[in-house]
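Reminder, nothing fancy here: chain letters follow the sequence lines and each chain counts from 1. What you see below is based on every heavy atom in this structure, not just the backbone, and it leaves out hydrogens, waters and symmetry mates. From a predicted model like this one, the values you see are computed outputs, not experimental measurements.
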There are 2 protein chains.
Amino acid sequence: MNLVLHNFFRSSASVRVRAALNLKGLAYEHVSYVLRKKEHRAEAFLELNPQGLVPALQLEDGTILNQSLAIIDYLDGQHPEPALLPESALDRAWVRGLAHAVSCDIHPLNNLRVLQYLDQQLGVSEEGVAEWFRHWVDEGFASLEKQLASDARRGRFCYGDTPGLADICLFAQVANNRRFDVDMSPYPTLQAIHDHCLELPAIVDALPEHHPHAN
Amino acid sequence: MNLVLHNFFRSSASVRVRAALNLKGLAYEHVSYVLRKKEHRAEAFLELNPQGLVPALQLEDGTILNQSLAIIDYLDGQHPEPALLPESALDRAWVRGLAHAVSCDIHPLNNLRVLQYLDQQLGVSEEGVAEWFRHWVDEGFASLEKQLASDARRGRFCYGDTPGLADICLFAQVANNRRFDVDMSPYPTLQAIHDHCLELPAIVDALPEHHPHAN
């Protein structure tokens, strides 16, 4: 059996795992779930993955892994080249800290399910939802810009001249931002890293619009 | 210089790192930041940690690490005993997946800064904020209960009979829930794991009420 990625073309966490798989040169099949139709809450998927969230990676033996950063960590251990995390323990902690600033402090607040709750349960206006989205992106990006702009380890990417875990998270977040018109001009360092990602087909192919089931 | 933990007694991510430091038997000093007073946004702290979030761990040489799970990962690598993550790559991914279900899918939504936004920017009522809090806990805990109840690797803790990363995250979340009266009866497996944590002084000492600067 091949690797199977259970995912949704537009999901930002799915973009991360697709980019990692592509960078590692691993072949995989897609099973797609349309989140607005709650296909990821269907019984068949919940049996595979009780977390009921995409992405989930099904390994050759059927084992299901979930949580995008746990999946990427696993892939990086099993397929060390190209490395997505630095060798040195301190630098690994640095890169993980950058990645988690996106994956824990920005993205969870701007998930579809959260925006739907704001809209449907709290009656927040469309503009209010957009402000919410941009608020958490701006909070997180302002910190990341400050951290990265002055860091000597930065190169074309967050850490050195090859893309890694933090770049993947940043890139996926910028892709996600497009729907809400986030102004990137206060974040020239992040913009430059993003633009360097755009030069790499492995990362570009992970974008929603290049997904085989995009619509 | 000793290890210094920049933290706040009530912060759930701070509880995680305190529990990890205690389990590893590492001595550390506290610098406390009262979040409601925005002390973590003061210039002096932002210079140390531009993310402006607690916890941040200052190492003996002055290096600052941030993001609780990145810190714990680092500590686990530098001080391997007792291990907070399993040896096997697959089991590590499993435990990380459980931990991230809390650290990415529950806790970021229920942070003080988010609850304040709901209250102050969106005018959500006190009861509405409490419902929001419980909603995301229930979403996450229902999945975790399902995952853990049927998993053969579970023992007294999420993975085997010694506490690890997932237990720390779960424990810190349950402590956080106390302010919002979350009903744990649908989650007997999670409750049992939590209760086993309560038997360990290293973990209990991480609770807000045992913090030297608690008030």
Side-chain angles (χ1 to χ4, degrees), chain A residues 13 46 49-53 56-57 59 61 63-75 77-78 89-90 92-101 103-109 111 113-114 117-118 121-124 128 131-132 135-136 139-140 142-150, chain B residues 13 46 49-53 56-57 59 61 63-75 77-78 89-90 92-101 103-109 111 113-114 117-118 121-124 128 131-132 135-136 139-140 142-150:
Chain A
L46 288 177
N49 177 24
Q51 288 193 6
L53 295 169
L57 183 66
L59 303 180
D61 70 353
T63 303
I64 292 276
L65 303 183
N66 51 38
Q67 293 290 334
S68 61
L69 264 59
I71 295 170
I72 295 174
D73 224 286
Y74 172 82
L75 292 173
Q78 299 305 107
L90 270 181
R92 287 171 83 88
W94 166 252
V95 170
R96 281 191 209 279
L98 298 172
H100 289 203
S103 70
C104 295
D105 292 331
I106 300 176
H107 178 250
L109 292 157
N111 250 330
R113 60 180 192 150
V114 176
Y117 191 103
L118 292 171
Q121 261 70 42
L122 299 179
V124 177
E131 271 172 30
W132 165 280
H135 175 78
W136 302 114
E139 284 273 308
S143 309
L144 282 169
E145 177 69 25
K146 201 164 160 189
Q147 284 191 283
L148 281 163
S150 62
Chain B
L46 288 176
N49 176 23
Q51 288 193 6
L53 295 170
L57 183 67
L59 302 180
D61 70 353
T63 304
I64 292 277
L65 303 183
N66 51 37
Q67 293 291 336
S68 61
L69 265 59
I71 295 170
I72 295 174
D73 224 287
Y74 173 82
L75 291 173
Q78 299 305 105
L90 270 181
R92 286 171 85 87
W94 166 253
V95 170
R96 281 192 210 277
L98 298 171
H100 290 202
S103 70
C104 295
D105 292 331
I106 300 175
H107 177 249
L109 293 155
N111 250 331
R113 61 181 191 151
V114 176
Y117 190 103
L118 292 171
Q121 261 69 43
L122 298 178
V124 177
E131 271 172 30
W132 164 281
H135 176 78
W136 302 114
E139 283 275 306
S143 310
L144 282 170
E145 176 69 25
K146 203 165 158 189
Q147 284 190 283
L148 282 163
S150 62

Who wins among [options] for the most heavy-atom pairs under 4.5 Å with chain B?
options: A/Val124, A/Asp105, A/Leu144; value: A/Asp105
options: A/Gly123, A/Ala99, A/Gly140, A/Ala89; value: A/Ala89
options: A/Cys104, A/Ala142, A/Ala13, A/Gly128; value: A/Cys104

What residues, two or more places apart in sequence or in another chain, satisfy side-chain contact (heavy atoms from CB on, under 4.5 Å) together with B/Gln121?
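B/Tyr117.
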Residues which pass side-chain contact (heavy atoms from CB on, under 4.5 Å) with A/Asn111, listed by chain and number, not counting sequence neighbours:
A/His107, A/Arg113, A/Val114
Can you tell which part of [X] gets under 4.5 Å to a heavy atom of chain A, answering side chain, backbone, both or neither?
X: B/Ile71; value: neither
X: B/Trp136; value: side chain
X: B/Leu69; value: both
X: B/Leu90; value: both

Minimum-distance pair of heavy atoms, taken over all atoms of A/Ala70 and B/Arg96:
CB-CB, 3.6 Å
Distance (rounded to the nearest 0.5 Å) between A/Ser143 OG and B/Leu46 CG:
8.0 Å
To the nearest 0.5 angstrom, please state how far the CG atom of B/Leu98 sits from the CG atom of A/Asn66.
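Atom-to-atom, B/Leu98:CG and A/Asn66:CG are 7.5 Å apart.
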Chain A interface, residue from B/Lys146, B/Glu131, B/Gln147, B/Glu145 that has the most non-hydrogen pairs under 4.5 Å:
B/Gln147
Name the member of B/Ile106, B/Leu59, B/Leu122 that forms the most heavy-atom pairs with chain A at distances under 4.5 Å.
B/Leu122
Carboxylate-amine/guanidinium proximity below 4.0 Å for A/Arg92 and B/Asp73:
no
For A/Trp132 and A/Leu109, indicate whether the former's side chain and the latter's backbone hold a donor-acceptor pair under 3.5 Å.
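Looks like yes, one N/O pair under 3.5 Å.
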